[in-house]
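Numbers restart at 1 for each chain; the letters A, B, ... are given by sequence-line order, proteins then strands.
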There are 2 protein chains.
Amino acid sequence: MTDEPTRRPAAPTIYDVAREAGVAPSTVSRTFARPGRVNADTAAHIREVAARLGYRANPLARALSTSRTKMLAVMVSDVTNPFYSELIRGAQIAASEADYTVLLADARESDQVERESLERVLPAVEGIVIGSSRMSDSTLRVIAKQKPMVVLNRDLMGVPSVVTDNPRGMRRAAEHLGELGHEAITYVAGPEASWADGMRWRALREAGHELALSTRRIGPFAPTTEGGAEAGAQMLDGPPTAVIAYNDLMAIGLLRFLVAHGVRVPEDVSLIGFDDIMAARLVTPPLTTVAAPVRAMGITAVRNLVALINGAHARAAEAFVLPTRLVVRGSTARRRR
Amino acid sequence: MTDEPTRRPAAPTIYDVAREAGVAPSTVSRTFARPGRVNADTAAHIREVAARLGYRANPLARALSTSRTKMLAVMVSDVTNPFYSELIRGAQIAASEADYTVLLADARESDQVERESLERVLPAVEGIVIGSSRMSDSTLRVIAKQKPMVVLNRDLMGVPSVVTDNPRGMRRAAEHLGELGHEAITYVAGPEASWADGMRWRALREAGHELALSTRRIGPFAPTTEGGAEAGAQMLDGPPTAVIAYNDLMAIGLLRFLVAHGVRVPEDVSLIGFDDIMAARLVTPPLTTVAAPVRAMGITAVRNLVALINGAHARAAEAFVLPTRLVVRGSTARRRR
DNA sequence: TTGAAAGCGCTAACAA
DNA sequence: TTGTTAGCGCTTTCAA
């Protein structure tokens with residue numbers, strides 16, 4: 001089965017083009033790398049020859065001499081999580097704008113895979129966006145020392161970050177529940193180590209304080225539908241009237257669990273998620289949620305990363321805060337009990 | 001704002017290690033590239049020094065001299081489509097097994113973006129998996145001539161492919177509906193150019209023929225929830241009792257449209273999708289669907305691609321066919337009218 | 001088993 | 001504006 005590789009024609013190089021066009025190789029190089037530094041006519045001629053020969057600059061060779069690989073890494077904990085696929089989409093958009101290619105590092109929710117993935121990808125890229133990571137702050141900081149880095153929804157002293165406005169989002173969610181007559185809100189916590197989780201719970205506590213709503217917290221749970229179901233199991237006897245979950249996936253898991261066990265949503269329990277993933281719209285009832293501008297986050301992160309690569313100073317003191325928005329759908333209603 | 005780049009320590013090279021270890025650079029190279037060709041003790045020493053210095057082989061430099069970049073491209077039409085994210089997951093798994101990195105080429109449902117994406121990525125990779133593409137067969141074949149390629153759910157003469165067993169899946173779906181007493185099945189078609197769509201419709205016709213069920217087809221529609229809703233609008237007056245949609249996204253869009261317009265599922269209409277994406281489980285009622293082993297497809301595709309790269313012969317005559325499975329959930333029921 | 005030297009395809013001084 | 005000449009960091013002959 002395994003034989004000698006099929007012969008494929010070797011890709012033409014700068015030298016082939018140079019010979020064919022009757023100029024020096026460096027002139028060919030210039031034509032593509034710094035047009036303007038070469039006579040318009042010669043350039044045209046060279047391009048013509050190059051096109052005829054099907055010449056494409058070898059990006060690796062270019063990278064070797066310029067040490068600009070034009071590649072970026074985006075690290076996520078799970079590609080199949082819709083939150084991250086939207087993030088990747090944003091990153092791709094901004095990357096191609098800046099003529100960068102993105103390497104996907106998918107941790108597959110495993111520390112070891114995350115390491116290996118990073119190892120593999122890091123030496124090839126000029127910078128990295130940490131969409132999510134289980135690595136410790138100090139580990140990340142070490143990496144940030146080697147390559148430009150932007151982190152998402154995380155607070156890493158000295159490393160620029162892009163975050164969503166959790167406090168405002170949570171505040172709006174709490175207000176919404178307050179307006180519907182709810183007096184107590186239960187927060188279903190996500191992963192313990194999550195910065196966003198801490199932010200959200202804190203924001204809820206503060207909002208509760210100001211709005212005279214009592215708050216409590218259960219968890220932590222996995223940030224998945226399974227985690228949500230687990231939370232549901234814990235609240236089955238004496239469910240609260242209002243719940244805010246760490247994210248949509250959990251809210252959906254919780255929603256389905258409750259409904260399956262005879263608790264009606266929103267009649268018995270009002271439920272709010274975070275992120276506004278596509279599935280939030282699809283469940284019955286559709287989920288009220290605090291929408292995060294995920295794609296915009298990806299775009300912002302990459303734009304900042306590229307700026308960093310190009311020598312911008314890491315204005316790391318303040319994070320880039322992107323606005324959230326409460327999307328009211330069917331899972332919240334006036335309190336009835 | 002844009003200033004001189006922050007100084008980052010230059011990564012140690014093979015020369016640094018060589019000097020520090022008191023050996024020739026080529027020996028350091030050998031230690032990593034072909035261990036066994038170097039004395040065990042020297043090798044150990046070199047590794048020790050390398051570790052101490054934090055040496056990491058520069059993959060680009062290596063690629064330049066070996067012309068093995070250890071990178072693969074996966075082209076998809078839309079990263080945010082759950083079908084493709086699962087595919088990417090599979091590709092990642094197989095790629096890391098083989099010590100390859102994957103470059104994601106996301107077409108964002110646009111021809112132009114697809115082109116650019118491909119241009120950007122192609123010269124850097126050793127091979128490419130076409131998860132989906134709007135490119136013509138002939139264009140793809142041209143590319144396959146330059147780089148090893150594996151296509152998914154598509155039939156490209158001369159190019160190895162991985163497909164799901166659409167005929168069997170469709171057959172099972174039709175049988176299921178037949179057993180529930182349905183006598184006519186409407187197929188809601190996906191994108192016109194889609195090979196899978198053609199396969200599915202053909203398979204349904206044949207199954208219908210054998211099972212004495214009448215079949216008809218409407219569409220094409222976009223393979224999205226929006227497309228599904230559009231189809232719903234077309235069938236509002238006099239809806240069929242049984243519908244099979246090109247994929248889950250469409251089925252879900254259709255489902256929600258029908259329910260919103262007073263048509264009950266599954267009481268009035270039984271509905272089946274394809275793929276078994278996560279959302280299929282989340283909608284109400286949960287969707288009966290023909291599950292595709294998406295992750296396995298990604299794995300299979302990449303494994304084959306790697307084999308191809310290593311010189312396996314393209315046994316392109318037969319495609320790799322992966323089994324499908326009918327997952328019966330709540331959207332199908334006995335015919336009542 | 002090791003070292004010396006050439007070269008992968010490109011860019012970047014430096015001259016001309 | 002163009003050509004000449006060194007490399008970029010690694011692998012790979014070829015000798016020793």
Using modelled atom types and a 3.5 Å cut-off, is there a donor and acceptor pairing between side-chain atoms of [X] and backbone atoms of [Y]?
X      : Y      : answer
B:N153 : B:T164 : yes
A:S132 : A:S77  : yes
B:S85  : B:P82  : yes
A:E126 : A:T69  : yes

Within this structure, what is the [atom1]-to-[atom2] distance between [X] and [N], rounded to whole angstrom?
X     : N      : atom1 : atom2 : result
A:I14 : C:dA12 : CD1   : P     : 11 Å
A:R62 : D:dG9  : CZ    : C1'   : 18 Å
A:N39 : D:dG3  : CG    : C1'   : 15 Å
A:R37 : C:dA12 : CZ    : P     : 10 Å
B:R68 : D:dC10 : CZ    : P     : 19 Å
A:D16 : C:dG9  : CG    : P     : 9 Å
A:N58 : C:dT11 : CG    : C1'   : 13 Å
A:F32 : C:dA12 : CZ    : C1'   : 18 Å

Query raised in the report: Any chance the side chains of A:S96 and B:E116 put a donor and an acceptor closer than 3.5 Å?
Result: no

Regarding [X], tell me which of base, sugar-phosphate or nothing describes its non-hydrogen contacts under 4.0 Å with the strands shown.
X     : result
A:T27 : sugar-phosphate
A:V23 : sugar-phosphate
B:A57 : sugar-phosphate
B:S29 : base
A:Y55 : sugar-phosphate

Requested in this report: Using heavy atoms to find the nearest nucleotide of DNA chain C for B:S65 and B:T42 separately, return the residue whose nucleotide is more 5′.
Outcome: B:T42

[X], nearest nucleotide to its side chain (from [options]):
X     : options              : answer
A:R34 : D:dG9, D:dT2, C:dA12 : C:dA12
A:S26 : D:dG3, D:dT1, C:dC10 : D:dG3
B:L64 : C:dT2, C:dG9, D:dT2  : C:dG9
B:R30 : C:dT2, D:dG9, C:dG9  : C:dT2

Query raised in the report: Does a distance-only test, which skips hydrogens and angles, find a donor-acceptor pair under 3.5 Å between the side chain of A:Y15 and the base of C:dC8?
Result: no

